[in-house]
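Here's the structure, in structure tokens; my notes come after.
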Amino acid sequence: MSIGFQEAKMLFSGGCLLFSSLALIHFASSYNIHNRSLSFTSAIAVGIAAFYLASSSNDLDKMTSLELAISSAILGLLEILPIFLAAITLLLFRISLLTNRSVDASS
Amino acid sequence: MFGGNELLWAFLIIISIGASFHRMGPSFDRSRFGFPLILLGLTCLIFFPGELTENGVGLHNSILQSVSIVLPFSIGAIIVLHNSPTYGGRSIPGLFAGWIFIIASWAVIFLEKDTYSIIAITRGALVIMGILAGLVAVFIGVYLAERSSGLRDESEPLSKEEGDLVRAILERRLGGRLE
């Protein structure tokens, strides 16, 4: 079993859509008067391009393919969660057992 | 109709809004709503997912499985960081307690995940590539937005009253009289 081109396209666009939606939620939630509209525009442009890519990767209707792409992206990230946790565990091991240097003004 | 997968997405959005509020820091009033919003979204996501489709059930189960791994790992990591010599005073009982939580989360990983395929890693890598592509595009947008602002917002010179105030403060702090 291997990953076909259409599935790869959907996963890639799902990643873009996930990032773009999180960026838009973040921009909207943390909005203040100093925000520049172009920052929003780039996140929207990425979202639109990824939406087009996701809907062209299958024959489903637009909203279903959008939902499928984002849920596939979340599932893909959760599948490799142990790799992230392994990296963090190594860092924690180093910090807690192998390092004696404290963080102060000179470091 | 609201009440199917839409509810699941709504709870995920609430968690994201909470995380964004929380990341704003104590200078902003809304930051205090961050952690309660994250807890609310997470609680609703776990206990009230609504009527899910087949796709939604798979996503919900995976999220629940991940929560059972990430929650003890996060608690353990926080305890370890607070009791490590780098970020606080070294405390052996604290480090021991933290590592118990981390080992427990690894035990859950090994009990629940028996195989690890190249396909799963490839899927994850493709998603990360998509996220990085989005990140680069947004960075370029933010860079252009910051660059285009130029000197438009240069502040006005001080008024007579403001100038007198600054002069008075400097005289008081530095002593003597300014010419």
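Throughout, a chain's letter reflects where its sequence line sits, starting with A, and its residues are numbered from 1.
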Ranking Trp106(B), Phe139(B), Phe21(B) by heavy-atom pairs under 4.5 Å to chain A gives rank one to Trp106(B)
Applying a strict 4.5 Å limit to non-hydrogen atoms, the region of Leu95(B) in contact with chain A is side chain
Here the gap from Gln65(B) atom CD to Leu78(A) atom CG, rounded to the nearest 0.5 Å, amounts to 8.5 Å
Does Asp61(A), at its CG atom, have more than 12 non-hydrogen atoms belonging to other residues, nucleotides or ligands within less than 6.0 Å?
yes
Do Arg30(B) side-chain atoms and Ser29(A) backbone N/O form a donor-acceptor pair below 3.5 Å?
yes
Scored by heavy-atom pairs under 4.5 Å with chain B, the best of Leu17(A), Leu18(A), Ile88(A), Leu22(A) is Ile88(A)
Tracing side-chain contacts under 4.5 Å among Ile, Leu, Val, Met, Phe, Trp and Tyr outward from Leu24(A) reaches Ile44(A), Ile48(A)
Would one find more than 12 heavy atoms of other residues, nucleotides or ligands at under 6.0 Å from atom CZ of Phe51(A)? yes
Rounding to 0.5 Å, atoms CD1 (Ile95(A)) and CG (Asn83(B)) come to a distance of 13.0 Å
Between the CD atom in Glu79(A) and the OG atom in Ser66(B), the distance rounded to the nearest 0.5 Å is 10.0 Å
By residue number, those in residues 39-47 of chain B with heavy atoms under 4.5 Å from heavy atoms of chain A are none
d(Glu7(A) CD, Arg123(B) CZ) to nearest 0.5 Å is 4.5 Å
List, one per line, each side-chain donor-acceptor pair under 3.5 Å for residues 129-136 of chain B, sequence neighbours excluded.
none

Rounded to the nearest 0.5 Å, the CD1 atom of Ile102(B) sits from the CG atom of Leu92(A) at a distance of 4.5 Å
Bottom line for Leu126(B): the part with an atom under 4.5 Å from chain A's heavy atoms is both
Inset, instruction - Check step by step if side chain to side chain contact (heavy atoms under 4.5 Å, CB included) holds for Leu77(A) and Ile128(B). - result: CA-CA 8 Å; Leu77(A) 283 179; Ile128(B) 288 174; 3.9 Å; yes
- Message: Is the shortest side-chain heavy-atom distance between Ile121(B) and Ile83(A) below 4.5 Å?
- Response: yes
Excluding Phe28(B), membership of its hydrophobic cluster (Ile, Leu, Val, Met, Phe, Trp, Tyr; side-chain heavy atoms within less than 4.5 Å) reads Met24(B)
query = Ile74(A) and Val127(B): side chain to side chain contact (heavy atoms under 4.5 Å, CB included), yes or no, with the steps?
reply = CA-CA 8 Å; Ile74(A) 295 174; Val127(B) 174; over 6 Å; no
Hey, are the side chains of Trp9(B) and Ser21(A) touching, using non-hydrogen atoms and a 4.5 Å cut-off?
no
Rounded to the nearest 0.5 Å, the OG atom of Ser71(A) sits from the CG atom of Leu12(B) at a distance of 10.5 Å
- Message: Set out, in order, the CA-CA distance, both residues' side-chain angles and the distance that settles side chain to side chain contact (heavy atoms under 4.5 Å, CB included) for Phe27(A) and Val138(B), then state yes or no.
- Response: CA-CA 11 Å; Phe27(A) 282 141; Val138(B) 170; 4.2 Å; yes
